[in-house]
Amino acid sequence: MYVATILLACAALSAAAPKEGASEADKAKIQGAWFTSSYKADGDVLVVYLTEPDLVFENDELVLYGMRAGRYTIDASKTPKTMDWVIDRGYDKGTTSGIYMIKDGVLTVCLAGAPGLPRPDTFTSKKGSKHRLYVYKRSL
């Protein structure tokens, strides 16, 4: 009985171990500059014209449009993976909850429409949801 309990506990710990390091691995993957490839806000597709990257992750810092905006946190152990933007000033000051995925060099982020709104649970931005769906690439 004791052996079975110990084996189950070890199996549970070893299954969780890869996810614990996943946040650090993802954090390393997203470091650097990103261009918005597409953007949808509350169901509306917005046209993006950029010549410079508009999002930069520098360690724990978040830089938007060339200005330090605040910081971010990620948790890759959740499904979907979570990302929070903690903005220090301006219209979006506060913590905005979101989700993210990174695949094949593309970073997809879906944020609640404003600080304090519930975290999105899907990568969609439907009319009335207030979700903001961004697709970022390293280059255009």
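For the single chain, residues carry numbers from 1 onward in sequence order. What you see is a predicted model; the values in this text were computed from it and never measured.
For Asp60, the salt bridge (charged side-chain N to carboxylate O under 4.0 Å, His left out) partners two or more places apart in sequence, or in a different chain, are Lys27.
Within the 4.5 Å cutoff, the side chain of Lys126 has no heavy atoms near those of the His131 side chain. Side-chain contact between Gln31 and Val56 is absent, with no heavy atoms from C-beta onward closer than 4.5 Å.
In the hydrophobic cluster analysis, where Ile, Leu, Val, Met, Phe, Trp and Tyr join through side-chain heavy atoms closer than 4.5 angstrom, Val45 is grouped apart from Tyr136. Under the 4.5 Å side-chain contact rule for hydrophobic residues, Leu50 and Leu46 share a cluster. The hydrophobic cluster containing Val86 does not contain Ile74, counting ILVMFWY residues as joined when their side-chain heavy atoms lie under 4.5 angstrom apart, directly or transitively. Put simply, Met83 and Ile87 are part of the same group of oily side chains (I, L, V, M, F, W, Y) that touch within less than 4.5 Å, one to the next.
A 6.0 Å sphere centred on CZ of Arg71 holds no more than 12 heavy atoms belonging to other residues, nucleotides or ligands.
Here the shortest heavy-atom pairing between Asp42 and Gly128 reads OD1-N, 2.8 Å. Heavy atoms only, all atoms of each residue included: Asp88 and Gly70 are closest at OD2-CA, 3.5 Å. Closest approach of Ser77 to Asp75, counting heavy atoms only: OG-OD1, 2.5 Å. Contact detail for Lys29 and Arg138: the closest heavy-atom pair is O-NH2, 2.7 Å.
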List the atom pairs, with distances to 0.1 Å, where a side-chain N or O of residues 94-112 and a protein N or O form a donor-acceptor pair under 3.5 Å, not counting sequence neighbours.
from   : atom 1 : to    : atom 2 : distance (Å)
Tyr100 : OH     : Asp26 : OD2    : 2.7

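The aromatic rings of Tyr134 and Tyr39 lie parallel to each other, with less than 30° between the two planes, well short of the 60° mark.
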*Please test Leu64 against Leu55 for side chain to side chain contact (heavy atoms under 4.5 Å, CB included), starting from the C-alpha separation and ending with a verdict.*
CA-CA 5 Å; Leu64 297 170; Leu55 173 66; 3.5 Å; yes
*Please step through side chain to side chain contact (heavy atoms under 4.5 Å, CB included) for the pair Val48 and Phe35, ending with a clear verdict.*
CA-CA 10 Å; Val48 180; Phe35 291 86; over 6 Å; no
*Start with the C-alpha distance between Asp54 and Trp34, add both sets of side-chain angles, then the distance that settles side chain to side chain contact (heavy atoms under 4.5 Å, CB included), and finish with yes or no.*
CA-CA 6 Å; Asp54 56 324; Trp34 296 88; 5.6 Å; no
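By the 4.5 Å side-chain criterion applied to Ile, Leu, Val, Met, Phe, Trp and Tyr, Val47 is assigned to a cluster that also includes Tyr49.
By the 4.0 Å N-to-carboxylate-O rule, Arg119 lies close enough to Asp84 to be salt-bridged with it.
The backbone N or O of Ser38 lies less than 3.5 Å from no partner atom in the side chain of Thr36, so there is not a single donor-acceptor pair.
Separating the NZ atom in Lys130 from the CG atom in Leu117 is a distance of 6.5 Å, to the nearest 0.5 Å.
With ring centers used as reference points, Phe57 lies under 6.0 Å from Tyr72.
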